[in-house]
Amino acid sequence: MSSFTIHLTTLSLIVFVAILYTEKRSLEKPQQLKLIIQQEYVPVQSKESKWKDVGMPFTTEIANDISLQMANGSTTKGAGAPLAAGGTEKEKEEEEEEELDVDVDGEDDEYVPFAVGRTEEGCDVFSGKWVYDKASMPHYAEKECRYINPQFKCEAFGRPDRAYQFWRWQPHGCSLQRFNATFMLERLRGKRILFVGDSLSGGQFFSMVCLLDRHIARFRKGHKRSPSLTIFAAPEYNVTVEFYWAPFLVESNCDNSTNHRVKERVIHLYPGSIEKHAEDWKGADVLVFNTYTWWLTGTNMKTLRGASRDGAKFIKEMELEKAYRLVLKRMVRWLERNLDPLKTRVFFTSMSPTHFRSIDWGGDRQGNCYGQRMPIFDPTYWGSASKKSVMQVVSEVLGKTKLPITVLNITQLSEYRRDAHTSIYKQQRYPLTNQQRRNPRSYADCVHWCLPGLQDTWNELFYNKLFFP
Ligand SMILES: *[C@@H]1O[C@H](CO)[C@@H](O)[C@H](O)[C@H]1NC(C)=O
Ligand SMILES: *[C@@H]1O[C@H](CO)[C@@H](O)[C@H](O)[C@H]1NC(C)=O
Ligand SMILES: *[C@@H]1O[C@H](CO)[C@@H](O)[C@H](O)[C@H]1NC(C)=O
Ligand SMILES: *[C@@H]1O[C@H](CO)[C@@H](O)[C@H](O)[C@H]1NC(C)=O
Ligand SMILES: *[C@@H]1O[C@H](CO)[C@@H](O)[C@H](O)[C@H]1NC(C)=O
């Protein structure tokens with residue numbers, strides 16, 4: 001052996017050890033160690049006995065906490081007034097993710113999984129108007145669907161008017177395909193439909209369950225290993241409709257599916273901070289993501305960038321848009337690495353608007369969604385809580401991905417629906433105080449939506465984009 005070869009061998013050895021050391025160090029973050037332990041995966045339909053009625057991870061608290069916080073005006077405080085950025089230090093770190101590759105050859109008649117037809121060329125199904133249509137709406141009666149969470153049951157909690165159920169979305173350029181549950185169940189035989197996100201994803205999930213419910217004998221409820229995952233299974237079609245609680249998609253200190261009241265939300269943004277959640281998303285065939293409402297804290301976002309060996313945490317404040325971009329990029333990367341675009345469809349539901357300020361639509365100074373019985377008909381209406389800057393991030397990040405992601409652009413059409421919120425007609429978590437009783441608008445929930453109602457339209461659009469892209 002020449003001394004040159006020996007040197008080369010030694011050098012390789014040094015490099016190898018260095019790599020090992022780096023890998024080891026990156027694993028030393030406590031969160032990541034925990035992650036490895038928790039990754040055990042139980043197949044969806046391994047054994048009958050796995051299906052037992054378990055408590056829903058989706059509890060009253062999810063919907064109540066957030067509407068309370070938002071009712072207190074935290075949504076608007078931060079709008080347009082970002083705190084002074086913490087200097088220029090390590091700007092690079094925030095842009096750590098390399099640019100996503102652009103899919104260049106986007107042929108028109110590319111194969112799209114599950115598609116059976118096309119929407120008319122040039123028709124934007126998200127641009128349109130609300131038409132009052134008592135003949136064809138709603139898709140189901142509130143009483144008919146036994147699964148609706150009490151957070152979304154408005155009639156049962158005393159809502160006196162039902163007009164909000166009769167509005168049908170009419171795109172300007174074409175007509176929507178009517179939601180056909182039998183068709184959907186047949187086309188998705190053996191598949192997993194998964195909603196991921198916060199309580200608004202939860203509402204969309206329950207809406208989907210109700211839309212399908214009439215056409216199957218009975219859903220069986222269950223869950224896998226993670227308490228964050230609720231599963232409704234339709235055995236005759238071997239279809240599951242699932243909901244995974246992850247309000248920021250990546251890990252955060254708000255991930256406990258039953259108890260996520262925290263003083264200060266912290267979003268985990270170290271490498272790998274999506275993996276733990278995403279382990280439960282593997283094998284899903286149709287995925288629908290959403291994240292927005294939890295970002296509206298009125299301040300910059302606190303992000304956890306890592307922890308040192310002795311447990312010290314590196315928390316960094318970031319502008320909402322910047323952190324949002326990083327989270328979406330992490331989601332996209334995970335999807336690109338773990339899903340097959342020829343077998344999977346991915347959707348992203350855009351911002352769900354709130355209606356806490358009737359002044360936005362020319363109402364009185366103190367008002368909100370409480371007592372609203374009609375939609376807004378001004379086509380240009382846009383509420384102050386929906387940040388166009390966030391929409392911009394959604395367009396930018398999701399507009400150039402290797403794995404196509406369809407945006408369900410429901411923001412504008414939902415902006416019009418000040419009448420569709422649960423308002424005071426939902427299960428309350430605490431008994432009302434006398435003061436609240438005297439002033440109902442003080443506890444109106446102008447975040448969530450009644451079922452049946454607006455979110456059935458989100459799903460009708462989802463259905464159209466899935467089968468008629
Ligand atoms: C709302 O804000 C007020 C003062 O800003 C505070 O005293 C109160 O505790 C807040 N309520 C909730 C439910 O956060
Ligand atoms: C719904 O789909 C099923 C299965 O494809 C079909 O037989 C039925 O005619 C459809 N119903 C309507 C109203 O189009
Ligand atoms: C149900 O679907 C899964 C795939 O999601 C498949 O592995 C399984 O064999 C199917 N079971 C039946 C009874 O068709
Ligand atoms: C979530 O919170 C509940 C109630 O505080 C607690 O019992 C449960 O252990 C927590 N779950 C996890 C996974 O930490
Ligand atoms: C959603 O639609 C609005 C107009 O209603 C548009 O401004 C926005 O760019 C769209 N967003 C995406 C991500 O397509």
Side-chain angles (χ1 to χ4, degrees), residues 94-108 110-115 119 123-127 193-198 200-201 204 244 246-250 267 269 273-274 277-278 281 284-296 301 318-353 382 386-415 458-459 461-466 468-469:
E94 282 156 26
E95 303 301 339
E96 70 200 16
E97 317 259 338
E98 78 254 17
E99 276 302 301
L100 300 160
D101 290 343
V102 181
D103 184 359
V104 274
D105 37 29
E107 281 178 40
D108 276 333
E110 247 177 308
Y111 170 74
V112 180
F114 308 116
T119 294
C123 174
D124 176 6
V125 292
F126 303 109
S127 167
I193 309 164
L194 173 67
F195 292 89
V196 179
D198 56 19
L200 289 143
S201 290
Q204 194 176 355
Y244 189 96
F248 291 105
L249 306 184
V250 295
I267 304 172
L269 272 182
S273 64
I274 202 164
H277 289 316
W281 312 343
D285 302 282
V286 181
L287 299 96
V288 187
F289 292 89
N290 149 267
T291 184
Y292 179 62
T293 307
W294 282 68
W295 295 77
L296 296 174
M301 306 310 295
M318 278 175 102
E319 226 175 276
L320 188 162
E321 289 80 0
K322 221 166 200 176
Y324 196 89
R325 183 184 298 272
L326 288 180
V327 165
L328 287 196
K329 282 187 171 180
R330 271 205 209 300
M331 175 191 81
V332 168
R333 274 182 152 208
W334 185 88
L335 294 169
E336 288 178 342
R337 284 177 185 169
N338 290 279
L339 298 183
D340 178 352
L342 295 179
K343 293 189 179 141
T344 324
R345 287 291 301 279
V346 180
F347 296 84
F348 186 87
T349 305
S350 65
M351 300 180 278
S352 176
W382 188 269
S386 302
K387 288 171 174 260
K388 292 225 159 114
S389 53
V390 169
M391 188 62 105
Q392 182 66 30
V393 172
V394 172
S395 306
E396 282 168 19
V397 180
L398 304 190
K400 47 173 186 182
T401 55
K402 277 184 237 159
L403 181 119
I405 299 176
T406 307
V407 177
L408 299 175
N409 194 347
I410 53 78
T411 307
Q412 179 70 71
L413 64 95
S414 307
E415 288 285 0
W458 295 8
N459 279 328
L461 290 160
F462 164 39
Y463 176 95
N464 274 261
K465 283 291 179 187
L466 178 60
F468 306 90

Interatomic spacing from CG in Asn459 to CG in Asn464 - rounded to 0.5 Å:
11.0 Å
For Tyr292, enumerate each residue passing the side-chain hydrogen bond (donor to acceptor under 3.5 Å, both in side chains) test, keeping only those at least two apart in sequence or located in another chain.
none
Mind checking whether Met391 and Ser350 have side chains closer than 4.5 Å, heavy atoms only?
yes
Residues two or more places apart in sequence or in another chain: which of them pass side-chain hydrogen bond (donor to acceptor under 3.5 Å, both in side chains) with Thr119?
none
I need the Leu461 CG to Leu408 CG distance, nearest 0.5 Å.
7.0 Å
What heavy-atom pair brings Arg330 and Ser273 nearest, and what distance separates the two atoms?
NE-OG, 3.6 Å
For the residue pair Pro469 and Arg345, what are the closest heavy atoms and their distance?
CB-NH2, 4.3 Å
Report yes if some heavy atom in the side chain of Gln204 is under 4.5 Å from a heavy atom in the side chain of Asn290; otherwise report no.
no
Who passes ring pair (Phe, Tyr, Trp, His ring centres under 6.0 Å) against Trp295, sequence neighbours left out?
Phe248, Tyr324
Hey, mind stepping through Trp281 and Ile274 against side chain to side chain contact (heavy atoms under 4.5 Å, CB included) and telling me if it holds?
CA-CA 11 Å; Trp281 312 343; Ile274 202 164; 4.0 Å; yes
Heavy-atom distance under 4.5 Å between the side chains of Leu269 and Met318, does that happen here?
yes
State the CD1-CG distance between Ile410 and Leu200, to the nearest 0.5 angstrom.
8.5 Å
Using the side chain to side chain contact (heavy atoms under 4.5 Å, CB included) rule, take Thr411 and Phe126 through it: C-alpha gap first, then chi angles, then the decisive distance, then the call.
CA-CA 9 Å; Thr411 307; Phe126 303 109; over 6 Å; no
Using side-chain heavy atoms (C-beta onward) and a distance below 4.5 Å, is Leu194 in contact with Tyr244?
yes
Student check: side-chain heavy atoms of Met331 and Thr401 closer than 4.5 Å
no
Those residues at least two apart in sequence (or on a different chain) that pass side-chain hydrogen bond (donor to acceptor under 3.5 Å, both in side chains) with Thr344 are none
For Ser201 and Val196, which heavy atoms make the closest approach, and how far apart are they?
OG-O, 3.2 Å
Smallest separation among heavy atoms of Ile267 and Val250, with atom names:
CG2-CG2, 3.5 Å
Using side-chain heavy atoms (C-beta onward) and a distance below 4.5 Å, is Asp285 in contact with Phe114?
yes
Kindly give the heavy-atom pair with the smallest separation between Pro341 and Pro113, and that separation in Å.
O-CG, 3.3 Å
Mind checking salt bridge (charged side-chain N to carboxylate O under 4.0 Å, His left out) for Glu396 and listing every partner two or more places apart, or none if nothing turns up?
Arg325
Roughly how far, to the nearest 0.5 Å, is CE of Met301 from CG of Leu296?
8.5 Å
Can you measure from CD (Glu415) to OG (Ser352) and round to the nearest 0.5 angstrom?
9.0 Å
Of all heavy-atom pairs between Glu321 and Ser389, which one has the smallest distance, and what is that distance?
OE2-OG, 2.6 Å
So, using ring pair (Phe, Tyr, Trp, His ring centres under 6.0 Å) as the criterion, who are the partners of Phe347 when residues are at least two apart?
Phe462
Let me confirm one number: the CG-CG distance from Leu335 to Asp340, rounded to the nearest 0.5 Å.
12.5 Å
